[in-house]
Amino acid sequence: QVQLVESGGGLVQPGGSLRLSCAASGGDFSIYAMSWYRQAPGKQRELVAIISSSGGTNYADSVKGRFTISRDNSKSTVYLQMNGLKPEDTAVYYCYIGLRTGPYWGQGTQVTVSS
């Protein structure tokens with residue numbers, strides 16, 4: 001059974017940094033793209049960053065230059081390094097992978113940016 005488990009969220013001051021991790025289990029994910037989404041209160045879930053199987057990346061305009069997505073296929077883990085955090089980055093962050101068997105989401109990790 002495919003499972004995605006996020007970690008690394010928390011409370012941070014504006015301008016601070018956090019590193020999120022998403023550990024995948026239950027399959028070989030090295031040939032699939034993996035993504036981070038976020039959902040703020042009262043807003044729709046939005047794509048933050050995506051990394052392809054070969055390491056190509058793409059980012060939402062709102063996080064370009066501040067966030068970096070990476071992956072370690074040997075650990076089946078995808079990371080999101082978040083620098084220069086802003087209050088508007090406050091949201092629940094979700095890991096996502098789309099497989100032939102369907103879409104899979106993690107349980108989410110809360111990121112709160114506040115002074």
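Since this is a predicted model, take the numbers as computed values, not measurements.
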List the atom of [X], the atom of [Y], and the distance in Å for their closest heavy-atom pair.
X     : Y      : result
Tyr32 : Gly98  : CD2-O, 3.6 Å
Asn83 : Gln81  : OD1-NE2, 2.9 Å
Pro14 : Ser115 : CD-N, 3.7 Å
Leu47 : Ser35  : CD1-CB, 3.9 Å
Ala24 : Leu4   : CB-CD2, 3.5 Å

Under 4.5 Å between any side-chain heavy atoms of [X] and [Y], yes or no?
X     : Y      : result
Val63 : Arg38  : yes
Met82 : Val111 : yes
Ser25 : Ser76  : no

For the atom pair [atom1] ([X]) and [atom2] ([Y]), what is the distance rounded to the nearest 0.5 Å?
X      : Y      : atom1 : atom2 : value
Leu85  : Ser114 : CG    : OG    : 12.0 Å
Leu20  : Thr77  : CG    : OG1   : 12.5 Å
Ile51  : Met34  : CD1   : CE    : 9.5 Å
Gln107 : Cys95  : CD    : SG    : 9.5 Å
Ser53  : Asn73  : OG    : CG    : 8.0 Å
Tyr37  : Leu80  : OH    : CG    : 13.5 Å

Report task. Please test Leu11 against Gln110 for side-chain contact (heavy atoms from CB on, under 4.5 Å), starting from the C-alpha separation and ending with a verdict. Result -> CA-CA 8 Å; Leu11 172 65; Gln110 176 71 46; over 6 Å; no

Report task. Evaluate whether atom CD of Glu88 has more than 12 neighbouring non-hydrogen atoms of other residues, nucleotides or ligands under 6.0 angstrom away. Result ->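 Count over threshold, so yes.
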
Query raised in the report: Taking the six-membered ring for Trp, are Phe67 and Tyr93 parallel (under 30°), tilted (30 to 60°) or perpendicular (over 60°)?
Result: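 Ring orientation of Phe67 relative to Tyr93: tilted.
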
Requested in this report: Give the ring-plane orientation class for Tyr96 versus Trp105, where under 30° counts as parallel, over 60° as perpendicular and anything between as tilted.
Outcome: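 The rings of Tyr96 and Trp105 sit tilted, inter-plane angle from 30° to 60°.
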
Query - Test log, rule salt bridge (charged side-chain N to carboxylate O under 4.0 Å, His left out), inputs Asp61 and Lys64 - result: CA-CA 5 Å; Asp61 287 342; Lys64 280 180 182 176; 3.1 Å; yes

Report task. Name all residues meeting the salt bridge (charged side-chain N to carboxylate O under 4.0 Å, His left out) criterion together with Arg45; count only those two or more places apart in sequence or in a different chain, and write none if there are none. Result ->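 Residues passing salt bridge (charged side-chain N to carboxylate O under 4.0 Å, His left out) with Arg45: none at all.
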
Given the rule that I, L, V, M, F, W and Y join up when any side-chain heavy atoms are under 4.5 Å apart, are [X] and [Y] in one cluster?
X      : Y     : result
Val113 : Val92 : no
Val48  : Tyr59 : yes
Val12  : Trp36 : yes
Val78  : Ile97 : yes
Tyr104 : Phe29 : yes

Requested in this report: Take Ser54 and Ser52 through the test side-chain hydrogen bond (donor to acceptor under 3.5 Å, both in side chains) and record every step on the way to the result.
Outcome: CA-CA 5 Å; Ser54 59; Ser52 71; 3.1 Å; yes

Query raised in the report: Do side-chain atoms of Tyr79 reach the backbone of Thr68 as a donor and acceptor pair under 3.5 angstrom?
Result: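 Checking the backbone N and O of Thr68 against the side chain of Tyr79, no donor-acceptor pair under 3.5 Å is found.
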
